[in-house]
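Every chain is numbered from 1 and lettered A, B, ... according to where its sequence line falls, protein lines coming before strand lines. For the numbers below, each heavy atom of this structure counts, side chains included, while hydrogens, waters and symmetry mates do not. Nothing here was measured: the structure is a model prediction, and the numbers come from that model.
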Amino acid sequence: MDDQTRMLTGLTGLAGLQQADVGDPDSVRKQQSLGQPQQDIGDILQQIMAITDESLDEAQARKHALNCHRMKPALFSVLCEIKEKTVLSIRGVQEEDPPDPQIMRLDNMLLAEGVSGPEKGGGSAAAAAAAAAAGGSPTDSSIEHSDYRAKLAQIRQIYHAELEKYEQACSEFTNHVMNLLREQSRTRPISPKEIERMVAIIHRKFSSIQMQLKQSTCEAVMILRSRFLDARRKRRNFNKQATEVLNEYFYSHLSNPYPSEEAKEELAKKCGITVSQVSNWFGNKRIRYKKNIGKFQEEANLYAVKTAVDAANVSAQASQANSPATPNSAIISSGLVCRCPDGPVLP
DNA sequence: GCAAATGATTAGAC
DNA sequence: GTCTAATCATTTGC
């Protein structure tokens with residue numbers, strides 16, 4: 001039996017029509033004499049069913065008329081009875097929700113990044129750490145630092161503005177719904193618990209929107225951090241002297257261009273770069289040389305000449321008293337110029 | 001603005 | 001762990 005049927009049965013019972021009376025000529029007479037209340041109930045139900053199809057003003061007038069109807073208390077009590085029965089079936093279903101782990105995670109992250117919670121320098125610690133990790137100069141890092149803080153502050157500002165908007169919208173909507181329910185409670189039974197439940201539903205809906213906001217904010221912070229931390233974006237070409245030192249070593253060890261750890265350290269010191277940068281440089285150089293020996297031929301010759309000249313100078317200084325050899329003869333005798341066309345044997 | 005050069009990162013092999 | 005090969009992201013030179 002659905003609610004409407006139940007309601008009708010209840011109301012029929014209320015009007016005094018008993019099942020046992022059906023078919024009895026007396027009862028028909030009784031029915032006819034009691035026909036007025038039954039018709040009233042029927043009218044009321046028709047009016048209630050039609051109320052949603054009417055315009056706001058018509059509905060408002062209809063509501064007023066129904067509220068003043070002489071059968072309204074009886075109808076209301078039946079509705080209360082039905083409601084009581086149906087509420088019983090869903091009672092206990094609504095439990096207190098445990099805190100959402102996803103929201104907790106986002107909250108923690110926003111707090112750690114200095115976006116939510118009290119302002120504490122807008123993640124300056126993170127900026128400083130990132131600057132240190134990126135290995136930039138003090139000036140560079142301070143510029144980046146302030147830039148990072150400014151952008152984080154911007155995110156923070158947007159986040160709080162949006163959060164405030166959501167909270168305001170949530171409370172406005174909740175008030176609106178509560179007012180509606182209170183008004184409706186004049187015509188249908190609505191318990192405070194039901195209102196509470198409705199408020200909880202609204203809050204859950206708004207908290208899911210809030211979670212989206214938190215998620216987007218976290219993503220924005222992550223992007224900012226990655227942009228700030230990504231060393232590739234801070235790439236600076238090595239200075240000319242450093243490149244020359246590295247190239248000299250590379251071309252003078254072309255048959256085995258794999259510097260030892262000690263050699264790497266020494267090269268790093270000479271060039272003012274890190275050992276891993278030296279390793280990167282040699283890794284790139286080896287692969288690029290191997291891929292296109294022809295292209296590097298000129299460079300190889302150039303450094304071969306340079307090495308030979310240096311060697312000749314050292315040799316000249318050593319044998320200054322005797323007959324000094326010319327740089328050109330040294331180059332020729334070293335055979336370095338001609339060595340490169342054959343190419344090195346890279347593993 | 002575009003292509004080339006270049007330093008850094010990554011996955012996979014050893 | 002290092003090395004290669006591929007790739008990315010930036011800088012440089014035109």
Tell me whether the OP1 or OP2 atom of [N] has a side-chain N or O from [X] closer than 4.0 Å.
X         : N       : value
Arg236(A) : dT11(C) : yes
Lys290(A) : dA5(C)  : yes
Gln277(A) : dG7(B)  : no

Checklist entry - Given that Glu261(A) and Arg288(A) both sit by DNA chain C, which one's nearest nucleotide is further toward the 5' end? => result Glu261(A)
Checklist outcome for this item: By nearest-nucleotide position on DNA chain C, the 5'-leaning member of Asn237(A) and Lys291(A) is Lys291(A)
Next on the checklist: Hydrophobic clustering (ILVMFWY, side-chain heavy atoms < 4.5 Å, transitive) - are Leu110(A) and Phe206(A) grouped together?
Outcome noted: yes
Whole Å only: how far is the [atom1] atom of [X] from the [atom2] atom of [N]?
X         : N       : atom1 : atom2 : answer
Tyr289(A) : dC3(C)  : OH    : C1'   : 19 Å
Lys285(A) : dA5(C)  : NZ    : C1'   : 17 Å
Asn280(A) : dT10(B) : CG    : P     : 11 Å
Phe238(A) : dT11(C) : CZ    : P     : 14 Å
Trp281(A) : dT2(C)  : CH2   : P     : 18 Å
Asn284(A) : dC8(C)  : CG    : P     : 15 Å
Phe250(A) : dT6(B)  : CZ    : P     : 13 Å
Asn292(A) : dA3(B)  : CG    : P     : 19 Å

Next on the checklist: As an exercise, state the distance from CD1 of Ile202(A) to OG of Ser207(A), rounded to the nearest 0.5 Å.
Outcome noted: 12.5 Å
Checklist entry - Rounded to the nearest 0.5 Å, what separation is found between the OG atom of Ser208(A) and the NZ atom of Lys205(A)? => result 6.5 Å
Minimum-distance nucleotide to [X] side chain [options: [options]]:
X         : options                 : result
Tyr258(A) : dA8(B), dT2(C), dC3(C)  : dC3(C)
Arg286(A) : dA6(C), dC3(C), dT6(B)  : dC3(C)
Lys264(A) : dT4(C), dC3(C), dT9(B)  : dC3(C)
Lys295(A) : dC3(C), dT12(C), dA5(B) : dA5(B)

Checklist entry - Mind checking whether Trp281(A) and Phe250(A) have parallel, tilted or perpendicular rings, split at 30° and 60°? => result perpendicular
Checklist entry - What is the ring orientation for Phe173(A) with His176(A), classed by angle as parallel under 30°, tilted 30 to 60°, or perpendicular over 60°? => result tilted
